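Read through the structure below, which is laid out as structure tokens, and then see the notes.
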Amino acid sequence: MDNLAIAHVLNEIADLLEIRDENPFRIRAYRNAASAVTDSGERIADLTDPALRQIPGIGKDIAGRIRELVESGQCRYHQELLAEFPPGVLDLLHLQGIGPKTVALLYGSRRIQSVDELEQAARGGALRGLRGLGPKKEQLILKAIDEWRRHAGRHLTPDAWEVATGVVDYLRDTSPHTTFDIVGSLRRGADTCGDIDILACGAAPDLMAHFVRHPHVERVLGQGDTKSSVRLRKGYQTDLRLVVPESRGAALQYFTGSKLHNIELRDRALRRGWKLNEYGLFQASDGTRLAGDTEEALYAALDLAHIPPELREMRGEIDAAKEGTLPRLIELSDLRGDLHMHTTATDGRDDVETMARAAKAAGLSYIAITDHSQALAMANGLDEAQALAHARRIREVAAQIEGVTLLAGIECDIRPDGQLDLADDCLAQLDIVIASVHSAFNQSPEEMTNRVLRAMECRYVDVIGHPTGRLLLRRDPYAIHVERLIAAAAQHGVALEINSLIERRDLSDAHARLARDRGVKLVISSDAHSVRAFGGLRWGVMTARRGWIEAKDVLNTLPLEALRRGLRRSRKGKRGKGVKA
DNA sequence: GCCGTTTTCGGCCCGACTGTTTTCAGTCG
Ligand SMILES: Nc1nc2c(ncn2[C@H]2C[C@H](O)[C@@H](COP(=O)(O)OP(=O)(O)OP(=O)(O)O)O2)c(=O)[nH]1
Ligand SMILES: [Mg+2]
Ligand SMILES: [Mg+2]
Ligand SMILES: [Zn+2]
């Protein structure tokens, strides 16, 4: 059972307890535990009971539930709750404006236990007479059902960024003296986001009216003087918050989140006799204002170093800020090269020279051209002879271009049995080899893990590409045991890739952090298939930052010669010396 | 249900907007 499956059960327990109107703090405890499980790079199912209880938010009871879940596939507590409420009622919670109280009422008084039944009831007037459900609410329910059917779920963060900047541009037009910031999970650089959050600071009396008239608005969810929400087309909910400039720091902090990070900061303020909200930090006794103009001052007032947004996930950042041990996070400008890209030789759109010039223009001083190998027939993958011919071509182009060095590489498929798709003597003649899985995704954890470990035995494999194969919002990672992969990578000196493609971001932030902690070097790559794609490195860097990664953890921050020395093929170790001719 | 430079018991973040509430509960951020 993987972490997400465990977290799912814990979240369902929380939802069911909430419908049953249980103690809100117990409910929160289950949600916190679910969040801790989701965020763990380690496989929770493999942890011993004491190790489990080490995780903040997991105590005696929940550790027991998790163990039961892992050992038997289910847990009685969860089953008992499900016996009380049919699983369909949980869907109702996802409707905008429907919460646990309403669900309890709907099920308790009308036995409504699915979205379809709710729709029928609302249409047929069967909700009339229920306390708190008037005609307006009835209409809202029908709208929410329609929207849920059309667009449920989250968005890739980079896609939402585009929409968000469009909205900000629109708002700026009429409020030139107001500052706008994109906040929430977007500012934290999360893989996916549930909505778009925008903070406005200034005196802008017409702002909200203007906001709800944005041409893409499908429905106004709420409109007040300081806060409004709309649904834009394609399911982009957008929240806008307005505060006076003096509160910008506190409002940025609040609206950037995460929620758990906010609660921790507010609790910290409380323990010191203060109160923290989106307007500032205040003395609890007399309301004296202590901070709030800037985020820096706010964190400082709480005796904390300023915490970069990407770290505000309650993954240890508060302690680190307290102790002054926050990492110096990698930045995009730290990257000197890009070690994964494709050209017209396989499935890329631009040729080697065009890619090289674009890379140079993007400020990179070296790149590796890594087209596909033969197994990827769909992408025109190269066999040994073609790969070597392509390498010669790359070196010819390299000789003609100044200011950027080209490495001749390959993204070599790892076949289902763990054999590499190209022979060793071919791989040996290249400058860099990425090995990746592109087939047979349904293998068991044992098969998949042994497959990749076997590929890593080859001394010419320098990097494992997109190590888990996940496609965000579309495909689960294949069943690879990431911690065994990390251990093997550490042993062989193989680097693990953080693939920057927005639907991959693979390794994930949590796994990248775990890999680094266990002595593995990382590579942040664009996997570019055209010249436009170098900009995507930004998202790989975001993932790295969320994983507490510093420049020194990443090979392609090194100057070229140091990078070459850092690649597995030239590292000295028990697997032998470099193999340069 | 979790947790502890204030605690092993007694706390647990704080505020905006909506609808039908006759004074505020529910939902959401
Ligand atoms: N103090 C406090 N702040 C909250 C709460 N809920 C949300 N916030 C703050 C922190 C969030 O990052 C921010 C935006 O809320 P969202 O619901 O949009 O969450 P966020 O953007 O983090 O994630 P998302 O990708 O939208 O699901 O508002 C809360 O219950 N308490
Ligand atoms: Mg959000
Ligand atoms: Mg939001
Ligand atoms: Zn690939």
Side-chain angles (χ1 to χ4, degrees), chain A residues 10 13-14 17-19 21-36 52-66 77 92-106 127-141 144 183-185 193-199 208 212 220-231 237-243 247 250-251 253-282 284 302-303 314 319 322-323:
Chain A
L10 295 174
I13 292 176
L17 289 174
E18 203 167 18
I19 294 170
D21 200 22
E22 296 277 344
N23 180 341
F25 302 109
R26 180 189 295 179
I27 295 162
R28 180 192 288 178
Y30 277 94
R31 296 232 161 88
N32 288 346
S35 164
L52 208 47
R53 295 193 49 186
Q54 288 280 308
I55 298 174
I58 299 182
K60 180 165 161 294
D61 289 20
I62 294 184
R65 308 247 187 261
I66 292 175
Y77 193 53
L92 301 176
L93 286 174
H94 292 120
L95 299 171
Q96 171 83 41
I98 305 285
K101 294 290 192 296
T102 310
V103 171
L105 181 68
L106 291 170
L127 302 181
R128 307 272 165 83
L130 286 180
R131 188 181 160 77
L133 290 181
K136 284 205 171 156
K137 197 89 192 193
E138 190 179 270
Q139 288 311 302
L140 287 181
I141 285 172
V183 289
S185 47
C193 58
D195 68 357
I196 292 168
D197 300 295
I198 299 172
L199 173 65
M208 293 302 172
V212 301
V220 178
L221 302 172
Q223 181 183 355
D225 293 339
T226 73
K227 175 181 164 179
S228 299
S229 291
V230 298
R231 252 187 104 82
Q237 179 175 326
T238 304
D239 298 334
L240 176 64
R241 193 73 204 261
L242 173 65
V243 299
S247 291
Q253 193 290 309
Y254 152 72
F255 215 9
T256 298
S258 66
K259 173 177 169 173
L260 294 184
H261 178 90
N262 287 359
I263 290 176
E264 183 62 27
L265 285 192
R266 287 170 180 213
D267 191 51
R268 187 176 174 81
L270 209 58
R271 290 196 305 263
R272 292 163 187 236
W274 302 334
K275 184 177 72 161
L276 176 61
N277 58 28
E278 59 266 52
Y279 303 108
L281 179 66
F282 306 92
L302 290 165
D303 267 331
M314 281 310 286
D319 283 343
K322 191 160 54 189
E323 275 144 34

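Labels below follow one simple rule: chain letters A, B, ... track the order of the sequence lines, proteins then strands, and each chain is numbered from 1. Model, not experiment: these values are computed from the prediction.
Among the nucleotides B:dC14, B:dG1, B:dG29, the one closest to the side chain of A:D239 is B:dG29. Among the nucleotides B:dG1, B:dG26, B:dC13, the one closest to the side chain of A:R266 is B:dC13. Of the candidates B:dG29, B:dG1, B:dC12, B:dG1 carries the atom nearest the A:Y30 side chain, counting heavy atoms from C-beta on. With B:dT27, B:dG29, B:dC14 as the candidates, the nucleotide lying closest to the side chain of A:N277 is B:dC14.
Under the salt bridge (charged side-chain N to carboxylate O under 4.0 Å, His left out) criterion, A:E264 pairs with no residue at all, not counting sequence neighbours. Here A:D225 pairs with nothing under the side chain to side chain contact (heavy atoms under 4.5 Å, CB included) rule; sequence neighbours left out. Under the side chain to side chain contact (heavy atoms under 4.5 Å, CB included) criterion, A:Q139 pairs with A:L142, not counting sequence neighbours. For A:D61, the salt bridge (charged side-chain N to carboxylate O under 4.0 Å, His left out) criterion is met by no residue, not counting sequence neighbours. Checked against side chain to side chain contact (heavy atoms under 4.5 Å, CB included), A:L105 has the following partners two or more places apart in sequence or in another chain: A:S109, A:L130, A:L133. In this structure A:K259 satisfies the salt bridge (charged side-chain N to carboxylate O under 4.0 Å, His left out) test with no other residue, sequence neighbours excluded. Taking A:R26 as the reference, A:L17, A:E22, A:N23, A:Y30, A:Y77 meet the side chain to side chain contact (heavy atoms under 4.5 Å, CB included) condition, with sequence neighbours excluded.
Residue-to-nucleotide proximity on DNA chain B shows that, of A:D61 and A:G99, the 5′-proximal contact is made by A:D61. Residue order along DNA chain B, read from the 5' end via each residue's closest nucleotide, puts A:I58 first among A:I58 and A:K101.
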- Expected string for nucleotides 4-9 of chain B under the B/S/- scheme (protein heavy atoms, under 4.0 Å, primed atoms plus P, OP1, OP2 as sugar-phosphate) is --B---
- Take nucleotides 16-22 of chain B nucleotide by nucleotide from the 5' end and write B, S or -, depending on whether a protein heavy atom sits under 4.0 Å from the base, only from the sugar-phosphate, or from neither. SSSSS--
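Taking atom CD of A:Q253 as the reference point, atom P of B:dC13 lies 14 Å away to the nearest angstrom.
For the atom pair NZ (A:K275) and CG (A:N277), the distance works out to 5.5 Å, reported to the nearest 0.5 Å.
Contact annotation for A:E264: no contact, since no heavy-atom pair falls under 4.0 Å across all strands. Within 4.0 Å of A:I263, counting heavy atoms only, lies at least one base atom of the nucleic acid. A:R65 comes within 4.0 angstrom of sugar-phosphate atoms only, judged by non-hydrogen atoms across all strands, and of no base. Using a 4.0 Å heavy-atom cutoff across all strands shown, A:L265 reaches no nucleic acid atom at all.
On a pure distance criterion of 3.5 Å, no polar donor-acceptor pair joins the side chain of A:Y254 and the base of B:dG15.
A donor-acceptor pair is defined here as one N or O able to donate and one able to accept, closer than 3.5 Å; no such pair exists between the side chain of A:R53 and the backbone of A:A63.
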